[in-house]
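Quick one: structure below, then a few questions.
Just the heavy atoms: all of them, side chains too, but no hydrogens, waters or symmetry mates, feed the values below. Order of appearance sets the numbers: ligands from 1, and atoms from 1 within every ligand. Residue numbers run from 1 in the order of the sequence given.
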Amino acid sequence: MSEAASIVGPLPRHVGIIMDGNGRWARSHGLPREEGHAKGADSVRTVVRAARKLGIQALTLFAFSSQNWDRPPEEVFHLMQLLRRYLIQERSEILDNGIRLITVGDTERLPAYVRTPLVELMTASANNDHMVLCLALSYGGREMIAKAAAAMCRAAVAGKLDPADVDPDVFGSYLESSNLLPPMDLLIRTSGEHRISNFFLWEIAYAELYFTEKLWPEFERADLEDALHDFAKRERRFGLTSDQVSTLPSRTLAPDEDGTSAASTGG
Ligand code: FPP
């Protein structure tokens, strides 16, 4: 049952979260970094549950970046173990709540002990339609753009794509995220840092950005609601004037697929 009524105003269709601050949380509690990640996994559980209850269509969590492979091997190992545990422990809740699990990123690099439960849960949840939970794993925004560019070049060389036809929509359609997720309307970053850190670079062109001082392990449902309240108050103009936007059905809508209008349904 959706509890979106608790938010006054439109909900973002797709929320992305850069979950930052696990290490600082651990240090501030005199604990090893691993404990910060473990507490961070509890926040993942809380926020997925809250997003589902609030009626968010899609939630993407930046769980492991392409660059995180360069962290100390024991930290990488611990994060992989946490991921595996999450996939096993949350399986029934994800399925019972009609959540579809998908991923973006180079998941081929993940160890088999993560990939196996991941693929199994993605397959088991493939027909669920209450919310999409997207885990960005071994993910880099630049890497995804380069991959899309390479695929487009291959299509051109094969005579399947005329370079003269390439525009933002055509390019966007080559991105892994293109058919999987609605436009990212809101991007949240925790821990007081004001960076995108190679997250959804292309897809956040018109996302509203929300930064909070809260460290990820402290992030709760109320913090997500604060971000949603803030989003609901914003005027999104997509390059138009305020007067133009005020005549549109909703102030908070992302442009249509063709990028020419802001009059799509806002969820
Ligand atoms: C950033 O904090 C966080 C990460 C690199 C990993 C995020 C992982 C989790 C929240 C837990 C596992 C995920 C799932 C989906 C179960 P940081 O380590 O960079 O923190 P710091 O900047 O304070 O050092």
Side-chain angles (χ1 to χ4, degrees), residues 15-52 56 58-95 97 99-107 109-111 113-122 125 131-141 143 187-200 211-221 223-224:
V15 177
I17 308 185
I18 301 174
M19 309 181 288
D20 195 15
N22 294 350
R24 276 163 284 167
W25 182 87
R27 195 168 57 234
S28 71
H29 288 77
L31 296 167
R33 292 181 61 79
E34 287 68 25
E35 293 296 324
H37 293 316
K39 189 78 168 48
D42 292 342
S43 298
V44 168
R45 215 164 273 132
T46 304
V47 166
V48 169
R49 206 171 279 169
R52 167 71 181 86
I56 302 292
L59 174 69
T60 296
L61 301 176
F62 200 5
F64 194 84
S65 75
S66 307
Q67 289 67 35
N68 287 155
W69 290 113
D70 294 329
R71 288 196 175 197
E74 53 283 9
E75 180 165 342
V76 171
F77 180 70
H78 182 80
L79 283 166
M80 292 300 136
Q81 295 290 336
L82 264 183
L83 265 171
R84 175 181 160 80
R85 198 175 314 150
Y86 176 82
L87 293 165
I88 292 167
Q89 288 180 349
E90 297 308 297
R91 186 180 188 283
S92 56
E93 180 157 342
I94 285 176
L95 294 177
N97 281 285
I99 296 172
R100 178 179 177 204
L101 181 73
I102 65 168
T103 61
V104 285
D106 184 9
T107 52
R109 278 191 81 178
L110 298 171
Y113 63 81
V114 174
R115 243 190 3 252
T116 302
L118 180 65
V119 170
E120 195 279 325
L121 189 48
M122 283 168 59
S125 67
M131 184 175 91
V132 175
L133 170 61
C134 175
L135 296 181
L137 294 169
S138 190
Y139 177 88
E143 285 79 354
L187 171 59
I188 299 170
R189 181 173 188 144
T190 58
S191 90
E193 308 283 2
H194 298 89
R195 287 190 292 277
I196 304 303
S197 298
N198 203 15
F199 193 37
F200 270 45
F211 299 102
T212 168
E213 294 294 319
K214 278 275 180 97
L215 303 173
W216 178 249
E218 304 168 327
F219 196 87
E220 294 173 348
R221 176 181 169 136
D223 300 302
L224 178 64

| query | Can you list the atoms of ligand 1 that are under 4.0 Å from a heavy atom of Arg24? | reply |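 Heavy-atom distances to Arg24 below 4.0 Å select 21 (P), 22 (O), 23 (O).
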- With only distance considered, is Gly23 within less than 3.5 Å of ligand 1 through an N or O on each side?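 Among all N and O atoms of Gly23, at least one is under 3.5 Å from an N or O of ligand 1.
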Self-check item: Any donor-acceptor pair under 3.5 Å from Arg189 side chain to Phe211 backbone
Solution: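 Here the side-chain-to-backbone pair does not exist.
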Which atoms of ligand 1 are found less than 4.0 Å from any heavy atom of Asn68?
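Per the distance check, 5 (C).
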(request) Of all the heavy-atom pairs spanning Leu110 and Leu118, show the shortest one and how long it is. (result)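 Closest approach of Leu110 to Leu118: CD1-CD2, 3.8 Å.
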Item to complete: Out of Asp20, Leu61, Asn22, Leu87, indicate the one that has the non-hydrogen atom closest to atom 10 (C) of ligand 1.
Response: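 Closest candidate by heavy-atom distance is Asn22.
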Item to check | Element-labelled atoms of ligand 1 that are located less than 4.0 Å from some non-hydrogen atom of Trp216 | outcome: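 So the answer, numbered in order with elements, is 10 (C).
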Can you list the steps and then say if Lys39 with Glu218 is a salt bridge (Lys or Arg N to Asp or Glu O under 4.0 Å)?
CA-CA 8 Å; Lys39 189 78 168 48; Glu218 304 168 327; over 6 Å; no
Checklist entry - Which is it for Leu215 and ligand 1 at heavy atoms under 4.0 Å: side chain, backbone, both or neither? => result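 It is neither part, as no heavy atom is under 4.0 Å.
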- Could you go through the side chain to side chain contact (heavy atoms under 4.5 Å, CB included) check for Trp216 and Ile17 one step at a time? CA-CA 10 Å; Trp216 178 249; Ile17 308 185; 3.7 Å; yes
### Task
Kindly give the heavy-atom pair with the smallest separation between Thr103 and Cys134, and that separation in Å.
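Reported closest heavy-atom pair: C-SG, 4.1 Å.
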Among all protein heavy atoms, pick out the one at the shortest distance from atom 7 (C) of ligand 1; state its residue, atom name and that distance to 0.1 Å.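 Among all protein heavy atoms, the one nearest atom 7 (C) of ligand 1 is Ala63 O, 3.5 Å.
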- Task: Can you see which heavy atom on Asn198 is nearest to which on Tyr139, and at what distance?
- Result: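 Of all heavy-atom pairs spanning Asn198 and Tyr139, the closest is O-CE2, 3.8 Å.
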I'd like to know whether Arg84 forms a side chain to side chain contact (heavy atoms under 4.5 Å, CB included) with Leu87, so could you lay out the CA-CA distance, the side-chain angles of the two residues, the decisive distance to 0.1 Å, and finally the verdict. CA-CA 5 Å; Arg84 175 181 160 80; Leu87 293 165; 5.6 Å; no
Need the ligand 1 atom indices (1-based, order shown) with element for anything under 4.0 Å from a heavy-atom of His37.
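By the 4.0 Å cutoff, the relevant atoms are 11 (C), 18 (O).
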ask   = Heavy-atom distance to atom 13 (C) of ligand 1: which of Val47, Val44, Thr190, Ile18 wins?
value =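 Considering heavy atoms of Val47, Val44, Thr190, Ile18, the nearest to atom 13 (C) of ligand 1 sits in Val44.
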- request: May I ask which of Tyr86, Phe64, Phe62, Trp25 has a heavy atom nearer to atom 16 (C) of ligand 1 than the others do?
  value: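 It is Tyr86 whose heavy atom sits nearest to atom 16 (C) of ligand 1.
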Nearest neighbour in protein (non-hydrogen) for atom 12 (C) of ligand 1: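 I find the closest protein heavy atom is Leu82 CD1, 4.2 Å.
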| request: Examine ligand 1 and decide if any of its atoms is less than 4.0 Å from a heavy atom belonging to Arg71. | output: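 True for this residue.
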Note to self: I'd like to know whether Met19 forms a side chain to side chain contact (heavy atoms under 4.5 Å, CB included) with Phe62, so could you lay out the CA-CA distance, the side-chain angles of the two residues, the decisive distance to 0.1 Å, and finally the verdict.
What the structure shows: CA-CA 6 Å; Met19 309 181 288; Phe62 200 5; 5.6 Å; no
- request: Tell me which part of Arg33 gets within contact of ligand 1: side chain, backbone, both or neither, using heavy atoms under 4.0 Å.
  value: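 For Arg33, the contact with ligand 1 is made by the side chain alone.
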Nearest-neighbour protein heavy atom for atom 1 (C) of ligand 1, which is reported as residue plus atom name and distance:
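Ranking protein heavy atoms by distance from atom 1 (C) of ligand 1, first comes Met19 O, 3.2 Å.
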Exercise. Please report the closest heavy-atom contact between Arg24 and Leu215, naming both atoms and the distance.
Key: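 The pair with the smallest heavy-atom distance is C-CD1, 4.1 Å.
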